[in-house]
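Because the structure is a prediction, the values reported are computed rather than measured.
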Amino acid sequence: DGGWFAGQHNIIKVWNAHTGKLVKTITVAGGVINSVEFSPDSKKLVAHANNIVTVLNTASWKKISEFHCSPDNTVNMPYDYSRRTVQFNPLEESNQVLARSGDSVMIWDIEKGKSLALLEGNVDGGASFQFSADGKKIVATSNANIGIVWDAVTGKQLLTLKINGALVAIHSVIISPTDKWILTVM
């Protein structure tokens with residue numbers, strides 16, 4: 001409803017977006033928070049800190065789940081505030097999030113804290129990723145000037161977009177709301 005927003009610092013501060021009043025201060029595991037995001041229905045908040053994902057219920061601000069989001073359960077991800085490290089699937093009924101961990105992007109079931117798929121391909125710490133508006137595809141970038149598209153259900157690679165002759169890495173990617181266009185930014 002647009003009534004809340006969260007701060008991205010060492011702790012999460014929840015503010016009422018209409019009054020500016022501080023509602024809640026929350027500390028999560030993992031240290032410095034890389035990224036936070038609300039679910040499409042605003043009923044959940046996910047925080048990603050040093051390869052630990054914490055999921056909170058926004059009605060009570062209580063923890064729903066917490067899990068390590070790296071393929072090998074390691075911690076110590078470098079802090080990078082310029083990159084989104086977690087994103088909800090835009091479908092309200094979905095419990096999926098994308099989480100970046102170093103050189104990997106994985107699909108997670110936040111209710112179970114279970115990995116659904118490791119997105120294979122040359123993502124090598126890609127700077128950007130996004131679900132399509134219908135929640136069926138995922139697009140991500142690579143430091144090797146590649147954009148990759150996956151099926152969000154199976155994790156199967158569908159397309160590779162190779163940018164030949166580029167002198168700099170792709171640092172952002174977005175898929176249009178109609179699923180017709182993919183834009184890469186270098």
Side-chain angles (χ1 to χ4, degrees), residues 1-2 4-6 8 33-48 51 53-56 58 64-65 67 69-71 77 80-164 166 168-186:
D1 71 352
W4 308 100
F5 65 95
Q8 187 173 327
I33 298 166
N34 294 76
S35 190
V36 294
E37 184 164 303
F38 284 104
S39 62
D41 60 6
S42 295
K43 292 181 180 177
K44 296 174 190 147
L45 176 75
V46 64
H48 185 219
N51 284 347
V53 171
T54 303
V55 184
L56 302 167
T58 59
I64 296 171
S65 65
F67 54 90
C69 70
S70 66
M77 180 177 157
D80 186 348
Y81 299 110
S82 66
R83 297 179 181 194
R84 174 190 284 172
T85 58
V86 68
Q87 182 191 21
F88 269 97
N89 185 313
L91 300 179
E92 284 193 30
E93 67 276 5
S94 176
N95 285 320
Q96 286 183 337
V97 294
L98 289 176
R100 182 175 63 84
S101 170
D103 290 346
S104 302
V105 177
M106 299 176 75
I107 306 170
W108 289 89
D109 180 316
I110 59 169
E111 296 291 327
K112 298 175 183 170
K114 178 182 172 193
S115 170
L116 301 175
L118 171 63
L119 301 180
E120 299 289 343
N122 189 10
V123 291
D124 66 6
S128 179
F129 56 78
Q130 178 190 6
F131 276 102
S132 60
D134 63 7
K136 294 180 181 177
K137 292 181 184 170
I138 298 164
V139 62
T141 62
S142 159
N143 291 334
N145 296 329
I146 295 173
I148 303 173
V149 181
W150 292 273
D151 181 296
V153 175
T154 66
K156 179 182 174 195
Q157 189 171 329
L158 302 174
L159 295 171
T160 301
L161 312 169
K162 178 70 176 157
I163 313 300
N164 293 319
V168 295
I170 300 169
H171 69 270
S172 185
V173 66
I174 190 167
I175 190 165
S176 68
T178 61
D179 200 26
K180 183 174 181 181
W181 308 105
I182 296 171
L183 304 179
T184 57
V185 179
M186 304 195 309

With rounding to the nearest 0.5 angstrom, report the [atom1] to [atom2] distance, [X] to [Y].
X	Y	atom1	atom2	value
L91	S132	CG	OG	8.0 Å
T184	I174	OG1	CD1	11.5 Å
I64	K43	CD1	NZ	11.0 Å
F38	L56	CZ	CG	9.5 Å
F88	K44	CZ	NZ	6.5 Å
I110	N89	CD1	CG	10.0 Å

Can you see which heavy atom on [X] is nearest to which on [Y], and at what distance?
X	Y	answer
A140	W150	CB-CZ3, 3.4 Å
T58	L45	CG2-N, 3.9 Å
P40	P90	CG-O, 3.2 Å
P177	A133	O-CB, 3.4 Å

Q: Using the side-chain contact (heavy atoms from CB on, under 4.5 Å) rule, take L119 and L98 through it: C-alpha gap first, then chi angles, then the decisive distance, then the call.
A: CA-CA 10 Å; L119 301 180; L98 289 176; 4.2 Å; yes
(Q) I want to check something: taking the side chain as every heavy atom from C-beta on, are W108 and V53 in contact at a cut-off of under 4.5 Å? (A) no
Q | Q87 side chain vs F131 backbone, donor-acceptor pair below 3.5 Å | A |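 Such a contact is found between Q87 side chain and F131 backbone.
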Q: Would you check if the side chain of Q96 reaches a backbone N or O of G135 as a donor-acceptor pair within less than 3.5 Å?
A: no
